[in-house]
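I have placed the structure first, in the form of structure tokens, so that the comments after it can refer back to it.
Proteins come first, then strands; the chains are lettered A, B, ... in the order of their sequence lines, and each starts at number 1.
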Amino acid sequence: MPESRPEKLIIDGKRLDGRKFDELRPIKIEVDVLKRADGSCYLEMGKNKVVAAVYGPREVHPRHLQDPSKAIIRYRYNMAPFSVEERKRPGPDRRSIEISKVSKEAFEAVIMKELFPRSAIDIFVEVLQADAGSRTACINAASVALVDAGVPMKGILTSVAVAKVDGQLVLDPMKEEDNYGEADMPFAFLIRNSKIESIALIQMDGQMTKEEIKMALELAKKGAMEIYKLQREAIMKRYVTEEGIEVEEVNTDA
Amino acid sequence: MPESRPEKLIIDGKRLDGRKFDELRPIKIEVDVLKRADGSCYLEMGKNKVVAAVYGPREVHPRHLQDPSKAIIRYRYNMAPFSVEERKRPGPDRRSIEISKVSKEAFEAVIMKELFPRSAIDIFVEVLQADAGSRTACINAASVALVDAGVPMKGILTSVAVAKVDGQLVLDPMKEEDNYGEADMPFAFLIRNSKIESIALIQMDGQMTKEEIKMALELAKKGAMEIYKLQREAIMKRYVTEEGIEVEEVNTDA
Amino acid sequence: MPESRPEKLIIDGKRLDGRKFDELRPIKIEVDVLKRADGSCYLEMGKNKVVAAVYGPREVHPRHLQDPSKAIIRYRYNMAPFSVEERKRPGPDRRSIEISKVSKEAFEAVIMKELFPRSAIDIFVEVLQADAGSRTACINAASVALVDAGVPMKGILTSVAVAKVDGQLVLDPMKEEDNYGEADMPFAFLIRNSKIESIALIQMDGQMTKEEIKMALELAKKGAMEIYKLQREAIMKRYVTEEGIEVEEVNTDA
Amino acid sequence: MPEDALAEIKRDYVLSKLRDGERIDGRKLDEFRNIEIYPNIITKAEGSALVKLGNTQVVVGIKMQPGEPYPDAPNKGVIITNAELVPLASPTFEPGPPDENSVELARVVDRGIRESEAIDLEKLCIEEGKNVWIIFVDIHAIDDDGNLLDASSIAAISALLNTKVPASRFGLGEDYPLPVRDIPVSVTSLIAGSKYLVDPNKDEMSIGDYTLTISTNQKDYIVAIQKSGGYLLSEELFDELLEVSIRNARKIREIVANKS
Amino acid sequence: MPEDALAEIKRDYVLSKLRDGERIDGRKLDEFRNIEIYPNIITKAEGSALVKLGNTQVVVGIKMQPGEPYPDAPNKGVIITNAELVPLASPTFEPGPPDENSVELARVVDRGIRESEAIDLEKLCIEEGKNVWIIFVDIHAIDDDGNLLDASSIAAISALLNTKVPASRFGLGEDYPLPVRDIPVSVTSLIAGSKYLVDPNKDEMSIGDYTLTISTNQKDYIVAIQKSGGYLLSEELFDELLEVSIRNARKIREIVANKS
Amino acid sequence: MPEDALAEIKRDYVLSKLRDGERIDGRKLDEFRNIEIYPNIITKAEGSALVKLGNTQVVVGIKMQPGEPYPDAPNKGVIITNAELVPLASPTFEPGPPDENSVELARVVDRGIRESEAIDLEKLCIEEGKNVWIIFVDIHAIDDDGNLLDASSIAAISALLNTKVPASRFGLGEDYPLPVRDIPVSVTSLIAGSKYLVDPNKDEMSIGDYTLTISTNQKDYIVAIQKSGGYLLSEELFDELLEVSIRNARKIREIVANKS
């Protein structure tokens with residue numbers, strides 16, 4: 001019984017959930033939520049609920065996977081069977097394999113992996129509930145978990161998507177906009193000293209003109225800066241409340 | 001065309017196959033039935049027909065599986081595709097994985113594995129025909145095969161189940177009692193110097209009161225002692241007939 | 001909608017495609033068609049279209065697969081999903097596993113593997129379009145690719161099948177003859193100094209008398225000698241045109 | 001290796017405390033860690049719960065869909081229990097298909113639900129012999145600080161208690177609550193020779209994976225037992241743990257009932 | 001190891017040329033290698049093409065059969081795109097199930113076809129909700145000398161352009177040409193810091209697997225983008241590559257159209 | 001390594017005996033080991049046999065169930081032959097999915113049954129094109145002391161000879177014997193240069209896995225041949241083995257027929 005497309009996705013200049021075009025869904029971030037992991041983060045972005053854990057730098061087995069010049073980064077995006085309408089069979093499917101690959105590569109570009117030759121940094125993200133944009137939610141959570149684990153990075157990764165629905169570009173699409181829109185375009189940016197420095201992840205599918213692509217990039221950057229503030233806040237809150245002074249040292253931007 | 005439940009499982013104080021409540025099914029044990037294995041045993045227990053083989057102590061590959069302080073024990077319970085009414089697909093299913101695990105652990109507790117660091121003792125059991133209680137038949141066969149292979153143990157493992165059918169505890173349930181009974185409870189005991197010393201395996205599913213559980217344990221111990229005698233006899237027969245003097249040395253109890 | 005059997009497979013002493021009983025299908029051979037491989041060959045044999053590539057001798061991973069006394073030979077026969085009427089699921093099925101095994105063994109007998117201890121020689125053959133006899137086409141292509149890769153061999157392997165259709169032995173059966181014939185019998189021969197020295201591969205299924213088997217062998221030998229000439233020509237053409245003098249050195253027969 | 005050394009120190013510490021009848025976190029031998037239950041946290045699932053047992057965390061989600069009954073129970077719904085020990089939850093978990101530990105975990109949790117007859121499966125028949133409700137109980141461990149099994153059992157029954165049968169989604173009438181009529185509870189103890197520790201945490205587990213799990217229903221009947229690990233169990237200890245488990249299960253059952 | 005040393009020398013050479021704005025094979029930075037298209041080479045397939053992009057060679061074969069539609073598109077045919085990076089094609093490919101590279105390759109090629117709406121899927125409905133045509137696009141790389149992705153995209157659309165719907169084989173009337181209404185083209189560039197190289201060959205790839213793929217349709221709309229590889233992309237370069245990709249795609253689209 | 005050294009000594013011994021035309025166990029070159037057949041040992045199977053060929057032991061069980069025919073043989077039953085080389089049977093067998101050796105074993109046994117047309121498959125049609133009997137021939141090796149292939153062939157046909165079609169279990173009338181009309185027999189020889197050893201035992205196999213298998217039916221027609229192993233076979237030897245195999249097969253066929 002698939003749901004049918006709503007007649008309009010934009011009504012009176014508002015989106016179906018009442019948001020403005022450039023408005024994010026509510027975001028909630030909690031740091032250090034798991035005991036066993038070296039770093040962890042729970043994140044909600046709209047109806048998405050994800051948990052990220054970081055293990056490492058740690059030894060790599062089997063040995064032939066080791067890189068003598070730097071740490072290898074592994075990233076596993078996994079959906080719980082109950083995270084979507086129709087139960088998902090456990091284990092990786094082609095979609096999660098692709099998401100894991102591009103997300104891993106985004107982090108490879110920002111983690112200072114040369115500091116940890118022969119070791120692995122493992123990033124695991126579990127999607128407990130999925131709505132549109134679960135890959136962006138996961139990257140945002142993973143990014144915070146890496147800071148929590150003390151893994152040195154060139155900056156913070158912040159991720160958000162832009163969609164085109166009924167001809168209009170909208171920030172951070174929810175499920176209906178993703179399913180029935182004309183295009184979807186997820187981004188992840190490297191943010192450093194509170195400035196967007198470059199693009200670590202970009203994908204797109206649908207139909208957009210060159211000009212729309214550029215506008216989408218601008219819209220995504222705006223959204224990313226807002227998310228970045230929340231990531232920073234969550235990290236600071238964690239270290240301020242528990243250890244006071246350590247905030248200075250976290251230095252997520254260097 | 002599944003068979004339907006018999007109206008009664010106990011008629012005039014007797015079980016469907018005419019046995020008394022505390023009576024075992026007929027048991028047949030043959031030792032050293034395979035040439036290639038280091039130790040082996042063929043065992044029938046009612047309609048169960050199983051073969052056990054032991055290989056080892058032998059080298060472990062790949063090396064990272066080795067334990068520098070003791071032998072690793074591996075146990076593979078496997079059903080032939082033709083062993084049950086409806087053909088079973090080859091390869092391990094969840095049920096055999098669990099049975100293999102708990103059986104392995106029962107033997108881990110009684111094999112003197114510290115004597116063989118870095119090596120493996122492999123116990124393979126093939127169910128050629130299965131009725132209720134194939135896991136207990138397999139443990140009984142494996143136990144004899146281990147003695148045949150000369151693997152030093154703290155004693156002999158002997159296994160039997162108790163079921164509750166029509167409110168009555170019965171020893172060594174056959175298929176109908178297992179399928180339609182109220183509870184099933186397999187045990188394996190360490191027997192040493194002809195005495196039951198402790199419990200090496202215990203599982204249970206169904207519904208039983210605390211008191212029934214204790215009665216089941218007593219019933220199982222009685223059955224185990226009878227099986228133990230047959231195991232001992234089979235081993236002695238093998239070594240008496242072929243080599244006369246060696247019987248003294250087998251010393252299954254020390 | 002499976003096709004149905006033609007009423008007759010031999011009409012007026014000719015085969016369905018007009019061939020004589022001892023006539024091969026048209027053969028086309030091109031050497032060195034791939035850049036990345038160390039040796040390669042494209043071959044058509046009737047409607048069969050296959051590409052063979054050779055890599056090696058090269059290092060073997062993981063190390064425990066190495067043989068300290070000689071190279072290991074690996075052979076992978078693989079059908080493209082679109083190579084047959086009904087799409088074939090990607091990956092090896094039981095038929096390709098068997099073909100890969102017997103083909104590998106044919107080459108093991110003729111490659112001078114003792115010259116390359118601890119290394120591997122990998123032979124990969126992709127069937128882009130399959131008609132009857134794809135295993136023989138693949139062996140013929142692989143043989144040329146091995147020469148192209150400069151792998152020393154005792155001679156050339158040449159492969160062809162014989163079938164029995166409507167009671168008549170025919171050389172190099174095409175699909176209808178294979179599907180509806182009474183027997184199929186593929187061979188591969190070691191040819192050295194333009195002479196057939198021995199049998200490197202032989203399989204058969206169907207029904208044939210002992211005498212027919214012997215006649216089939218003779219027929220196959222005749223066909224193999226013709227194919228051998230084409231293999232030789234293709235190799236010489238390749239080295240004459242491009243490098244002139246090198247032909248002398250190829251010496252496919254020693 | 002340093003890791004082994006650390007494990008050895010932990011083990012010695014646990015054992016030396018235990019010799020004095022004490023536990024490293026100050027609990028009594030038969031005392032559970034604190035239990036927190038967060039029902040209904042996955043709104044896209046038919047039922048769900050996050051359970052924290054000390055630092056151990058498990059999410060269970062329930063999905064339901066119509067499907068074929070088993071041939072030998074043509075008028076009963078079907079329960080399929082599955083556990084994923086995802087590598088996020090522990091440095092020792094590996095990605096890949098379920099290993100023997102996750103299979104055992106799922107099967108023991110399943111047995112508690114099934115044998116206590118907690119769910120009235122006959123009420124889940126849609127058309128006899130053809131169509132019944134399939135209940136997927138998916139156990140998703142997210143932090144393994146010891147005793148995942150009991151945490152999973154609590155999460156499973158808690159999730160079932162808030163499960164709505166999604167009849168309307170499949171054009172089968174109105175949604176209705178899953179008919180749950182018992183609360184099975186498993187109690188796992190770590191065995192150390194002749195001593196035991198109920199609800200062991202990960203540090204305590206450093207003395208070995210030697211556990212006994214006893215599951216009971218609301219009538220105090222035993223519905224499942226599982227000895228797990230390569231150790232020998234004495235009859236005396238077994239008898240004692242029957243008592244201990246029934247006692248603890250009563251308390252936990254109350255917590256579960258109150259949270260639903 | 002000698003192989004690593006060789007790779008390093010190659011990399012240095014590529015980079016030093018690039019500093020002067022040059023490429024090792026004399027091409028311009030935004031220039032594709034020579035493209036050869038051999039349509040219809042697999043007569044047993046419903047459609048096919050061999051594409052040579054320089055020394056890179058890919059065969060795509062199309063098979064079709066009736067099957068069930070997706071529940072959310074009951075009146076549309078189904079495209080299934082699959083890539084096998086068989087070990088014949090490269091010393092680094094291993095036998096086995098598709099790895100992350102072949103999955104990504106297949107999915108990006110698929111996205112080009114799907115999002116450009118190149119195939120009129122509604123014309124592939126046989127019976128709404130029950131029976132539609134399934135199109136299997138099988139990508140079979142046979143020689144990987146760099147940029148398999150663009151070679152595969154060209155081969156896929158070329159093969160689709162000569163595909164006949166095999167209706168008669170399934171008793172569904174006469175065969176007819178697959179309704180193709182667009183020619184999506186992907187353009188992949190290798191990124192080296194602030195520079196780029198369109199259609200990199202294998203030697204050029206020695207500087208790293210850092211690519212950006214931009215696919216467009218015949219209206220110059222962007223239909224798919226994929227950043228692949230662990231590098232950072234500047235906005236300026238991204239903007240430039242949008243232009244470069246649209247420009248190149250137009251030329252390639254013409255080649256594809258002429259060859260069909 | 002000691003194991004290799006032992007293997008080498010065995011090999012030398014086998015070869016030195018062979019130079020004198022002798023075998024290590026005193027058999028003639030063309031002599032089989034003793035054959036024991038125990039039919040019907042698995043009462044839960046539709047048919048079964050345990051075969052001992054010297055110390056080599058194989059159990060074959062037959063299961064049958066209704067299922068779909070192949071599209072190109074709509075009125076014929078289906079044979080599915082499967083071999084499990086379980087690690088119980090040999091120190092060199094590993095658990096896991098069938099490797100090339102078990103696949104080859106199953107396929108050559110299957111070929112003997114299929115090509116001799118031993119089973120009248122047309123009598124196994126239930127409803128043309130829809131429902132036919134599927135015969136599962138499951139080969140379960142339990143002790144591999146050499147020449148598993150011939151032991152398996154003997155066990156397979158012996159099991160088929162005592163198979164009852166379980167029609168009543170599926171509501172399809174009364175059970176009846178499987179229509180078997182031939183007794184295919186495979187004869188495997190070990191090749192050592194220009195010499196051969198029929199029915200090699202494991203110690204003899206130490207000279208290499210170089211075998212030729214020739215299967216015949218009751219009319220002495222050859223129905224299957226399989227050369228297995230990386231060796232070269234001379235025409236002369238091949239001719240000789242055709243004779244030898246036909247001769248041996250006759251004797252074995254008689255033993256099989258008498259035991260059924």
Side-chain angles (χ1 to χ4, degrees), chain B residues 1-5 68-70 72-73 75 86 92-102 104-111 113 154-155 157 179-180 182-190 192 196-214 216-218 221, chain D residues 1 4 70-74 80-83 97-108 110-112 114-117 182 184 191 194 208-217 219-239 241-243 245-246:
Chain B
M1 314 289 116
E3 291 140 40
S4 58
R5 192 196 192 284
S69 68
K70 57 180 184 292
I72 59 166
I73 312 298
Y75 188 101
E86 198 178 342
D93 56 10
R94 292 159 56 98
R95 179 180 161 275
S96 2
I97 290 171
E98 188 194 350
I99 291 179
S100 296
K101 179 180 187 290
V102 293
K104 174 190 71 187
E105 292 168 347
F107 283 104
E108 278 177 345
V110 301
I111 292 174
K113 45 193 193 302
K154 293 182 190 158
L157 271 201
N179 283 3
Y180 306 112
E182 294 104 72
D184 182 37
M185 190 168 185
F187 294 87
F189 299 102
L190 167 63
R192 190 175 155 124
I196 288 181
E197 292 233 329
S198 46
I199 302 168
L201 177 144
I202 190 168
Q203 293 184 285
M204 182 267 181
D205 65 271
Q207 296 203 2
M208 281 173 128
T209 64
K210 198 175 55 185
E211 292 68 31
E212 285 170 333
I213 296 270
K214 290 181 187 174
L217 175 58
E218 291 310 314
K221 283 161 68 179
Chain D
M1 270 179 291
D4 286 357
Y70 289 122
D72 57 352
I80 296 174
T81 306
N82 177 63
D99 67 354
E100 59 176 27
N101 294 308
S102 30
V103 166
E104 185 181 40
L105 172 61
R107 286 175 67 84
V108 176
D110 184 90
R111 234 167 261 158
R114 189 179 304 276
E115 302 298 341
S116 68
E117 297 172 0
D182 205 324
I191 311 297
S194 61
D209 287 332
Y210 304 145
T211 60
L212 185 74
T213 300
I214 297 174
S215 309
T216 50
N217 71 2
K219 287 188 199 150
D220 290 346
Y221 285 7
I222 286 90
V223 296
I225 303 179
Q226 185 87 341
K227 174 181 172 298
S228 182
Y231 71 98
L232 294 167
L233 175 68
S234 73
E235 282 182 46
E236 298 69 39
L237 193 49
F238 176 57
D239 282 355
L241 287 170
L242 285 172
E243 307 285 350
S245 301
I246 291 172

For side chain to side chain contact (heavy atoms under 4.5 Å, CB included), just list the numbers for Ile222(D) and Gln207(B), CA-CA rounded to whole Å, side-chain angles, deciding distance to a tenth of an Å, and then say yes or no.
CA-CA 6 Å; Ile222(D) 286 90; Gln207(B) 296 203 2; over 6 Å; no
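- Just one of Lys101(B), Glu98(B), Gln203(B) meets the side-chain contact (heavy atoms from CB on, under 4.5 Å) condition when paired with Ser228(D); it is Lys101(B).
- With a threshold of 4.5 angstrom between heavy atoms, Lys221(B) approaches chain D through side-chain atoms but not through N, CA, C or O.
- Atom OG of Ser198(B) is separated from atom OH of Tyr231(D) by 10.5 Å, given to the nearest 0.5 angstrom.
- Between chain D and the residues Ile97(B), Ile202(B), Leu201(B), Asn179(B), the largest count of heavy-atom pairs under 4.5 Å involves Ile202(B).
- Heavy-atom contacts from other residues, nucleotides or ligands closer than 6.0 Å to CD of Glu86(B) number 12 or fewer.
- With a 4.5 Å cut-off on side-chain heavy atoms, Val102(B) and Glu104(D) count as touching.
- No part of Glu211(B) comes within reach of chain D, as not one of its non-hydrogen atoms sits under 4.5 angstrom from that chain.
- When all heavy atoms are compared, the tightest approach of Ala200(B) to Lys227(D) is O-NZ, 2.7 Å.
- Chosen from Leu232(D), Leu237(D), Val103(D), the residue pairing most often with chain B at heavy-atom distances under 4.5 Å is Leu232(D).
- With a threshold of 4.5 angstrom between heavy atoms, Tyr70(D) does not approach chain B through any atom at all.
- Side-chain contact between Asp239(D) and Lys214(B) is present, with at least one heavy-atom pair separated by less than 4.5 Å.
- For Lys210(B), the parts lying under 4.5 angstrom from a heavy atom of chain D are both the backbone and the side chain.
- The part of Leu212(D) that comes within reach of chain B is its side chain, from C-beta onward, which places non-hydrogen atoms under 4.5 angstrom from that chain.
- Lys70(B) pairs by the side-chain hydrogen bond (donor to acceptor under 3.5 Å, both in side chains) definition with Asp67(B), not counting sequence neighbours.
- A 4.5 Å side-chain heavy-atom check between Ile225(D) and Asp205(B) finds every atom pair outside the cut-off.
- Ranking Glu243(D), Arg107(D), Gln226(D) against chain B, the residue ahead of the rest is Arg107(D), based on heavy-atom pairs under 4.5 Å.
- For the atom pair CD (Glu100(D)) and OH (Tyr75(B)), the distance works out to 13.5 Å, reported to the nearest 0.5 Å.
- Note that CZ of Phe187(B) and CG of Leu233(D) are 10.5 Å apart. Values are rounded to the nearest 0.5 Å.
- Contacts between Ile246(D) and chain B at a heavy-atom distance below 4.5 Å involve the side chain alone, from C-beta outward.
- Contacts of Ile213(B) with chain D are made by side-chain atoms alone, with heavy-atom separations under 4.5 Å and no backbone atom involved.
- Of the atoms belonging to Asp209(D), not a single heavy atom falls under 4.5 Å from chain B.
- Atom OH of Tyr221(D) sits in a sparse spot, with 12 or fewer heavy atoms from other residues, nucleotides or ligands closer than 6.0 Å.
- Options Glu115(D), Glu117(D), Lys219(D) differ in how many heavy-atom pairs under 4.5 Å they form with chain B, and the most are formed by Glu115(D).
- When atom types are taken as modelled, the side chain of Glu105(B) and the backbone of Gly229(D) share a donor-acceptor pair closer than 3.5 angstrom.
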